[in-house]
Amino acid sequence: MKKTLTFDQRCHALLAQIPKGRVSTYRELAHALGSKAYRAVGQAMNRNPNLMKVPCHRVIKSNGEIGGYALGADKKRELLLEEGIQVETNGRIRLSKYLHPYST
DNA sequence: GCTTTGACACTAA
DNA sequence: CTTAGTGCCAAAG
């Protein structure tokens, strides 16, 4: 039995901690892992970890923009609205209000 | 084991 | 505000 958890897997783990109606950013996520692999974090999502298991749609850019999504950024925006997350007319999200604070 | 690929971040102009 | 360029890291080829 080995863990050898890949960077991606660790991202999924943190992602799973994000409650509904809350979001996180690629930067925060990477920072929580003690890395600056902002890009790698996104990679983990794009590789479709488990859309049913990991709330990939709750991860946005550090500047508040929606960012991308494997199923389309538009779809992602819908999901976020479903979560009760308001999106500014400029297509941005107020991080100061929805950003999930990690325990670490 | 080096090269390519990205759902990003940051700075400068 | 936008555009362009550079830096960053891990996974896949």
Side-chain angles (χ1 to χ4, degrees):
Chain A
M1 290 291 293
K2 48 208 55 62
K3 322 285 190 45
T4 314
L5 291 184
T6 64
F7 184 89
D8 296 20
Q9 292 176 309
R10 276 177 278 183
C11 294
H12 308 157
L14 288 174
L15 207 45
Q17 298 178 57
I18 302 178
K20 176 168 167 281
R22 265 303 126 100
V23 300
S24 184
T25 71
Y26 301 97
R27 188 180 56 136
E28 285 293 309
L29 219 54
H31 190 282
L33 294 174
S35 264
K36 296 174 199 154
Y38 321 114
R39 315 286 304 272
V41 174
Q43 286 302 103
M45 310 297 111
N46 188 22
R47 289 166 200 227
N48 284 311
N50 255 330
L51 291 172
M52 316 270 287
K53 189 172 178 178
V54 184
C56 313
H57 59 273
R58 290 183 194 154
V59 186
I60 60 179
K61 296 218 261 180
S62 61
N63 63 337
E65 291 181 51
I66 298 296
Y69 193 57
L71 304 182
D74 183 63
K75 177 69 178 177
K76 182 173 179 179
R77 194 167 52 235
E78 287 183 52
L79 290 169
L80 290 171
L81 291 171
E82 288 287 315
E83 302 273 323
I85 299 171
Q86 292 186 1
V87 180
E88 303 293 316
T89 49
N90 51 347
R92 287 195 163 183
I93 292 176
R94 193 168 311 187
L95 294 175
S96 56
K97 183 176 181 181
Y98 299 107
L99 182 61
H100 170 71
Y102 282 100
S103 305
T104 58

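Per chain, numbering begins at 1; letters A, B, ... match sequence-line order. All figures in this text were calculated on a predicted structure; none of them were measured in a lab.
- At a threshold of 4.5 Å between non-hydrogen side-chain atoms, the residues A:Tyr98 and A:Gln86 count as touching.
- When the side-chain nitrogen and oxygen atoms of A:Ser62 are compared with OP1 and OP2 of B:dA9, one or more of them lie within a distance under 4.0 Å.
- The nearest whole Å value for the distance from the CG atom in A:Leu5 to the P atom in C:dA11 is 11 Å.
- Rounded to whole Å, the distance from NE2 on A:His31 to P on C:dC8 is 16 Å.
- Residue A:Arg10 places no side-chain N or O under 4.0 Å from the OP1 or OP2 atom of C:dA10.
- Both A:Leu29 and A:Val54 belong to a single network of hydrophobic side chains, linked directly or stepwise wherever heavy atoms of I, L, V, M, F, W or Y lie under 4.5 Å apart.
- Across the protein-nucleic acid pair, A:Lys61 atom NZ and B:dC8 atom P stand 5 Å apart, rounded to whole Å.
- Contacts of A:Glu28 classified as salt bridge (charged side-chain N to carboxylate O under 4.0 Å, His left out), with partners at least two apart in sequence or in another chain: none.
- A heavy atom lying under 4.0 Å from DNA chain C marks none of the residues of residues 52-59 of chain A.
- Between A:Tyr26 and A:Tyr38, the shortest heavy-atom distance links the atoms CB-O, 4.1 Å.
- Per the geometry, CD belonging to A:Glu28 stands 16 Å off P belonging to B:dC8, to the nearest Å.
- For NE2 of A:His31, the number of neighbouring non-hydrogen atoms (other residues, nucleotides, ligands) closer than 6.0 Å is 12 at most.
- Here the closest non-hydrogen pair linking A:Tyr102 and A:Leu14 is OH-O, 3.5 Å.
- The nearest whole Å value for the distance from the OH atom in A:Tyr26 to the P atom in B:dC10 is 14 Å.
- Residue contacts shown for A:Thr6 are limited to sugar-phosphate atoms, with no base heavy atom under 4.0 Å away.
- Smallest separation of non-hydrogen atoms from A:Leu15 and A:Pro55: O-CG, 3.4 Å.
- Minimum interatomic distance between A:Leu80 and A:Ile60 (heavy atoms only, all atoms of both residues): CD1-CG2, 4.3 Å.
- A heavy atom closer than 4.0 Å to some atom of DNA chain C occurs in no member of residues 89-99 of chain A.
- DNA chain B is contacted by A:Lys76 of residues 72-84 of chain A, taking any non-hydrogen atom closer than 4.0 Å.
- Across A:Pro49 and A:Ala44, no two heavy atoms sit closer than the pair CD-O, 3.3 Å.
- As rounded to whole Å, 10 Å separates atom C1' of C:dC9 from atom NZ of A:Lys36.
- Comparing atom distances between the A:Arg27 side chain and each of B:dC10, B:dA7, C:dA11 picks out B:dC10 as nearest.
- Among the atoms of the strands shown, only primed sugar atoms or phosphate atoms (P, OP1, OP2) are found under 4.0 Å from some heavy atom of A:Phe7.
- In this structure, A:Phe7 and A:Ser35 approach most closely via the heavy-atom pair CE1-CB, 3.9 Å.
- Both A:Leu71 and A:Leu79 are part of a single hydrophobic cluster, where members link through side-chain heavy atoms under 4.5 Å apart.
- Using a 4.0 Å cutoff on non-hydrogen atoms, the parts of residues 37-51 of chain A near DNA chain C are A:Ala37, A:Arg39, A:Ala40, A:Arg47, ordered by number.
- Rounded to whole Å, the distance from CG on A:Asn63 to P on B:dA7 is 16 Å.
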*Checking side-chain contact (heavy atoms from CB on, under 4.5 Å) for the pair A:Arg58/A:His100: CA distance, chi angles, key distance, verdict?*
CA-CA 10 Å; A:Arg58 290 183 194 154; A:His100 170 71; over 6 Å; no
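- A:Asn90 and A:Glu88 share no side-chain donor-acceptor pair at under 3.5 Å.
- With sequence neighbours excluded, no residue forms a salt bridge (charged side-chain N to carboxylate O under 4.0 Å, His left out) with A:Arg27.
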